[in-house]
Amino acid sequence: MAQEPMNTDLMKSGLLKTTGAGVLREHDLGAEVQLAGWVARRRDHGGVIFIDLRDSTGFVQVVLNPEEAPAPEDVLHGLRIEYCVQVMGTVRQRPEGTVNPDLPTGAVEVVAQRLRVLSTSEPLPFPLDGRTDIDEGLRLQYRYLDMRRDRVSRNLRARSKAIRAMRNVMDEQGFLEVETPTLIASTPEGARDMLVPSRLRQGQFYALPQSPQLFKQLLMIGGVERYYQIARCYRDEDFRADRQVEFTQLDFEGAFWGQEEVLATIELVARRVVADLGHSIGPDPFVRMTYAEAMESYGSDKPDVRFDMKIVDLSEAFTDTDFKAFAGVLADGGSVRGINGGQLGLARAGLDALVSEAQDVGAKGLVWMVVEDDGSLRSPVAKFLSDTEQADIASGLSATPGDTLLIVADHTNTVLDVLGRMRLHVGQPDGHDELAFVFVVDFPVFEVGEDGALSPAHHPFTAPADLDALVHAPETAVSKAYDLVLNGSELGSGSVRIHDAAMQAKVFEVMGISDEDAEGRFGWFLEALRYGTPPHAGFALGVARFVSILQGEPNIREVIPFPKTQTGADPLTGSPSRVKKDQLEELGICVAPDVVAAWAEEADSDPPTTDT
RNA sequence: GGGGGCGUGGUGAAGUCUGGAGUUCACGCCGGCCUGUCAAGCCGGAGGUCGCGGGUUCAAAUCCCGUCGCUCCCGCCA
């Protein structure tokens, strides 16, 4: 590359640019500017060369005119995509007829007096123009290139805005931002802990926090009264489109307040984030429904209420039915319920596919009925149903000609679950243009499993609505726990906490946690509760889930700067990785023999081996 | 742990069902031409272990088995 004279002014200050490429407009005409960024596109006409210079603010067209000789010819014609360059030039109006209306800076261009290549680039492993979908593994391996693309950089900026909005609201509301440790003792929150071995105490482990739950309660006991944190959380469970092993939450907690104040605060936060990300929602308060209502009408504790299609209980229509399948279910205490799927227009094969999908998610069967023009029902089971029964179905589901009705008869929990899934399957709107927030409140203390066994629905520090009810009828007891749902995604959850040591002990007892067990696992916390704990309540909101929905992204990886793949790997840095024997020895850890054996087998078949 | 989808020059796709020469398209890359383009254009060229391993076959990108990777889902995330 030809040697260029150095600009000593720039060298002194270290400042390579005086303005952003994407902010130049007609009011900048005549301005002498210094730009620095990347060559996003080049159009080399042999004489004049145009480059679209991109930096974090956007694009501007730079004109490299041979008469101006902004750099030696071999440098100019040698420019390639993603070369990092600095340009000194003048902003001028584009000639008549060459304005580019697709570009915010399209009315102007920068004619270069000087161009300096700051850094060259090898040909890229994939194009950055956003015209094709690139394999995700490749994108993650080159995430630093991927984030030069509009999609990712837009999402990173949106995420930043969202977090700033959250901080602003929390600050305005008098919350104190407090950090809590990320190397902690294992907390009882249900998910698998990520463990970190201790060198100083061999054989002992820290856990990464699944949430700052107990610490924020300690902050309340400590008199902070209003706490928040943009907190990193870790849960070692399998990945989904909306789940990563590490994730960020807006975590907050307040003392001397309760559920209403928490929900009001969440709504303030959510509205600010929505507005700051350029969306609008109506002034009506967020819809609120109980867990029971959500399950009953939508078959889900995270109902997508962008569309109606409520589940309707049709059991009463079949109290005296001759249809054995329904009669048997009702005799067993189950129910018959249905949804009106609307105008699905499915052929027989499509309807049968729905049946097998329902069976896949646990239903014994699914009855479909298509409403004919004359109002009659076309269905494989129609012949088993009386005219009255058919009429009751049609009126119960508000059937109109062309509608497809889906009916399930089974244990009520199964019916609701299956119809809830079918509802999403046939009714799910594409995209997220509409924003439907729902507060789901009054969660049960326990979930009742298939076998009737009770398992806690929330962590054991959640206050029951009524302690007596919890003791005497645990399976129906309600807790002061609540979720925020957006478009069928759980954005976050929270609860009023137990602030009384005696009640906490009782709750542990009901949940089957023995005194010794409780004392051993978090005796320190039980003791803290005994020093004048204020009533307190809080919430935690998933940042990536929220931002991904607002950005119209199908998964949270798109709004996470450096996400992991579904198998927990980072293709860029190669984590997780094996470590040297010395490191393990310091920690007092051995890798299990069968794992080492598997490594050896791998090494036999693969040329490259990892140092262990 | 289980089910589905995908894997083809650097990128994206078609080809796979119904086996017959690494064939095609777009982008990128290299060389040449080109002074108002904006996905610049025109001409020429290079580039492949069809993810990997095994099997069936005269013959495998294509069929079968296994395996790895990415992804969606069930379980899991009380």
Side-chain angles (χ1 to χ4, degrees), chain A residues 40-53 59-68 76-78 80-82 94-103 105-106 109 111 121-142 145 187-193 210-211 233-245 247 356-357 360-362 417 421 424-425 443-450 453-462 479 481 490 493 511-513 542 554-555 557 563-567 569 571 601-602 605-607:
Chain A
R41 282 181 290 273
R42 70 195 168 95
R43 292 176 291 279
D44 185 343
H45 289 242
V48 68
I49 300 170
F50 300 96
I51 60 175
D52 289 341
L53 189 76
F59 299 82
V60 73
Q61 172 165 281
V62 173
V63 185
L64 305 170
N65 213 307
E67 282 85 42
E68 297 277 353
L76 292 179
H77 292 293
R80 291 294 180 272
I81 298 284
E82 295 305 312
R94 289 205 191 185
E96 181 104 29
T98 64
V99 167
N100 183 350
D102 297 331
L103 220 54
T105 60
E109 61 190 15
V111 58
S121 172
E122 290 181 17
L124 303 176
F126 56 87
L128 306 186
D129 59 20
R131 280 186 291 154
T132 50
D133 289 332
I134 310 298
D135 175 73
E136 270 215 55
L138 197 62
R139 289 178 59 197
L140 296 187
Q141 185 185 347
Y142 295 97
L145 297 178
T187 58
E189 280 182 88
R192 236 174 253 115
D193 276 323
Q210 296 180 28
S211 79
C233 307
Y234 305 84
R235 295 180 192 169
D236 189 7
E237 297 295 343
D238 287 357
F239 288 63
R240 286 286 189 282
D242 63 352
R243 271 163 39 189
Q244 287 263 310
V245 71
F247 59 99
S356 66
E357 277 160 35
D360 286 347
V361 294
D417 180 47
R421 291 173 194 270
L424 289 179
H425 186 74
F443 269 75
V445 177
F446 293 105
E447 281 166 1
V448 184
E450 288 282 308
L454 299 181
S455 58
H458 284 80
H459 57 69
F461 311 106
T462 302
S479 64
E490 181 196 321
S493 64
M511 292 191 165
I513 302 173
N555 65 66
R557 292 184 304 279
K564 288 175 177 49
T565 68
Q566 195 165 42
T567 52
E601 209 166 294
E602 215 176 284
S605 51
D606 288 348

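Lettering of chains follows the sequences in order, A, B, ..., and the numbering in each one begins at 1.
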> Hey, does the side-chain of A:D238 have a donor or acceptor N/O within less than 3.5 Å of a partner on the base of B:G75?
Replying inline: yes
> On a whole-Å scale, what distance lies between the P atoms belonging to B:U18 and B:G12?
Replying inline: 28 Å
> Closer than 4.0 Å, any side-chain N/O of A:T98 to the OP1 or OP2 of B:U37?
Replying inline: no
> So what does A:E67 touch, heavy atoms closer than 4.0 Å: a base, only the sugar-phosphate, or nothing?
Replying inline: base
>> Need the pair for B:C17. Rule: Watson-Crick or G-U wobble, both distances under 3.5 Å, any strand; none if unpaired.
In response: none
>> Taking atom types as they are modelled, would you say the side chain of A:R139 forms a donor-acceptor pair with the base of B:C70 within the 3.5 Å cutoff?
In response: no
> Pick the nucleotide of RNA chain B nearest each of A:L140 and A:A457; which residue has the one closer to the 5' end?
Replying inline: A:L140
>> Counting the atoms with a prime plus P, OP1 and OP2 as sugar-phosphate, which does A:L103 contact under 4.0 Å by heavy atoms, base, sugar-phosphate, or nothing?
In response: nothing
> Does any nucleotide pair with B:G10 by Watson-Crick or G-U wobble geometry, both distances under 3.5 Å, and what is it?
Replying inline: B:C27
>> Under 4.0 Å, counting only non-hydrogen atoms across every strand here, what does A:D236 touch: a base, just sugar-phosphate, or nothing?
In response: nothing
>> Determine whether A:N100 and A:R94 satisfy the following criterion, side-chain contact (heavy atoms from CB on, under 4.5 Å), listing intermediate values before the conclusion.
In response: CA-CA 9 Å; A:N100 183 350; A:R94 289 205 191 185; 3.5 Å; yes
>> Show, in sequence, the C-alpha distance, side-chain angles and deciding distance for A:T462 and A:V445, and conclude whether the side-chain contact (heavy atoms from CB on, under 4.5 Å) test is met.
In response: CA-CA 8 Å; A:T462 302; A:V445 177; over 6 Å; no
> Once you round it to whole Å, what is the distance between C1' of B:G47 and CD of A:E122?
Replying inline: 16 Å
> Rounding to the closest angstrom, what is the interatomic distance between B:G69 and B:C76 at atom P?
Replying inline: 24 Å
>> Under 4.0 Å, heavy atoms only, any strand: does A:P66 hit a base, just the sugar-phosphate, or nothing?
In response: base
>> Can you check the distance between B:C63 and B:U8, where both ends of the measurement are the P atom (answer in whole Å)?
In response: 16 Å
>> Quick test of your reading of the model: are A:E237 and A:R243 salt-bridged, counting only N-O distances below 4.0 Å?
In response: no
>> Does the structure show a Watson-Crick or G-U wobble partner for B:G22, both distances under 3.5 Å? Name it, or say none.
In response: none
>> Pair A:E136, A:T565 - check side-chain contact (heavy atoms from CB on, under 4.5 Å), show working.
In response: CA-CA 8 Å; A:E136 270 215 55; A:T565 68; over 6 Å; no
> Is there a donor N/O on one and an acceptor N/O on the other, under 3.5 Å, for the side chain of A:E109 and the base of B:G36?
Replying inline: yes
> Looking at A:R43, does any N or O in its side chain come under 4.0 Å of the phosphate oxygens OP1/OP2 on B:U37?
Replying inline: no
> Does the pair A:R41/A:D52 count as a salt bridge with the N-to-O cut at 4.0 Å?
Replying inline: yes
> Is any N or O donor-acceptor pair between the side chain of A:R243 and the base of B:C77 shorter than 3.5 Å?
Replying inline: yes
> In Å and rounded to the nearest 0.5 Å, what is the CG to CZ distance from A:L124 to A:R80?
Replying inline: 12.5 Å
>> In whole Å, I'd like the distance from the CG atom of A:L138 to the P atom of B:A13.
In response: 12 Å
> Whole Å only: how far is the CD atom of A:E357 from the C1' atom of B:G3?
Replying inline: 13 Å
>> Is there a side-chain contact between A:R94 and the phosphate of B:C38, meaning an N or O under 4.0 Å from OP1 or OP2?
In response: no
List, with names and distances, any nitrogen or oxygen atoms from the protein found under 3.5 Å away from nitrogen or oxygen atoms belonging to nucleotides 27-32 of chain B.
unit_1: B:C30; atom_1: OP1; unit_2: A:R80; atom_2: NE; d: 3.3
unit_1: B:C30; atom_1: OP2; unit_2: A:R80; atom_2: NE; d: 3.4

> Does the ring of A:H45 meet both stacking tests against the six-membered base ring of B:G36: centre distance under 5.5 Å and plane angle under 30°?
Replying inline: no
>> Only pairs with both distances under 3.5 Å count, Watson-Crick or wobble alike; so what is the partner of B:G36 in this structure?
In response: none
> Which comes earlier along RNA chain B counting from the 5' end, the contact point of A:V63 or that of A:K564, where each point is its nearest nucleotide?
Replying inline: A:V63
> CZ of A:R139 to CG of A:L145: how many Å apart, nearest 0.5 Å?
Replying inline: 12.0 Å
> Can you tell me how far P in B:G7 sits from the matching atom in B:A13, rounded to whole Å?
Replying inline: 8 Å
>> Show, in sequence, the C-alpha distance, side-chain angles and deciding distance for A:V245 and A:F239, and conclude whether the side-chain contact (heavy atoms from CB on, under 4.5 Å) test is met.
In response: CA-CA 7 Å; A:V245 71; A:F239 288 63; 3.7 Å; yes
>> For a quick test of reading the model: is some side-chain N or O of A:Q566 closer than 4.0 Å to OP1 or OP2 of B:C72?
In response: yes
> Has A:F126 got its ring stacked on B:U11, by the test of a centre gap below 5.5 Å and a plane angle below 30°?
Replying inline: no
> Quick one: A:D44 CG to B:C38 P, roughly how many Å, whole number?
Replying inline: 14 Å
>> Can you identify which nucleotide, out of B:G36, B:U71, B:U11, has its nearest atom closest to the A:F50 side chain?
In response: B:G36
>> Looking only at the side chain of A:R557 (C-beta and beyond, no hydrogens), which of the listed nucleotides B:C77, B:C70, B:C72 gets closest?
In response: B:C72
>> From NE2 of A:H458 over to C1' of B:C77, roughly how many Å is that when rounded to an integer?
In response: 13 Å
>> Nearest 0.5 Å, please: how far is NZ in A:K564 from CZ in A:R557?
In response: 13.0 Å
> Expressed as a whole number of Å, how far does the P atom of B:A14 sit from that of B:G9?
Replying inline: 13 Å
> With both distances kept under 3.5 Å, what pairs with B:U57, Watson-Crick or G-U wobble?
Replying inline: none
> Using a cut-off of less than 4.0 Å, is there contact between a side-chain N or O of A:R41 and OP1 or OP2 of B:U37?
Replying inline: no
> Between atom CG in A:D135 and atom C1' in B:U8, what is the gap in whole Å?
Replying inline: 13 Å
>> Within this structure, what is the CG-CZ distance for the pair A:N555 and A:R240, rounded to the nearest 0.5 Å?
In response: 13.5 Å
> How far, in whole Å, is B:G22 from B:G31 if one measures between their C1' atoms?
Replying inline: 25 Å
>> Nearest whole Å is fine: how far is B:U37 P from A:L64 CG?
In response: 16 Å
> Just by distance, do the side chain of A:Q244 and the backbone of A:P563 share a donor-acceptor pair under 3.5 Å?
Replying inline: no
>> Measuring only the C1' atom in each nucleotide, how far is B:G44 from B:U37? A whole number of Å is fine.
In response: 23 Å
> What's the CZ-C1' distance between A:R192 and B:G1, to the nearest Å?
Replying inline: 11 Å
> In whole Å, what separates the P atom of B:C70 from that of B:C25?
Replying inline: 33 Å
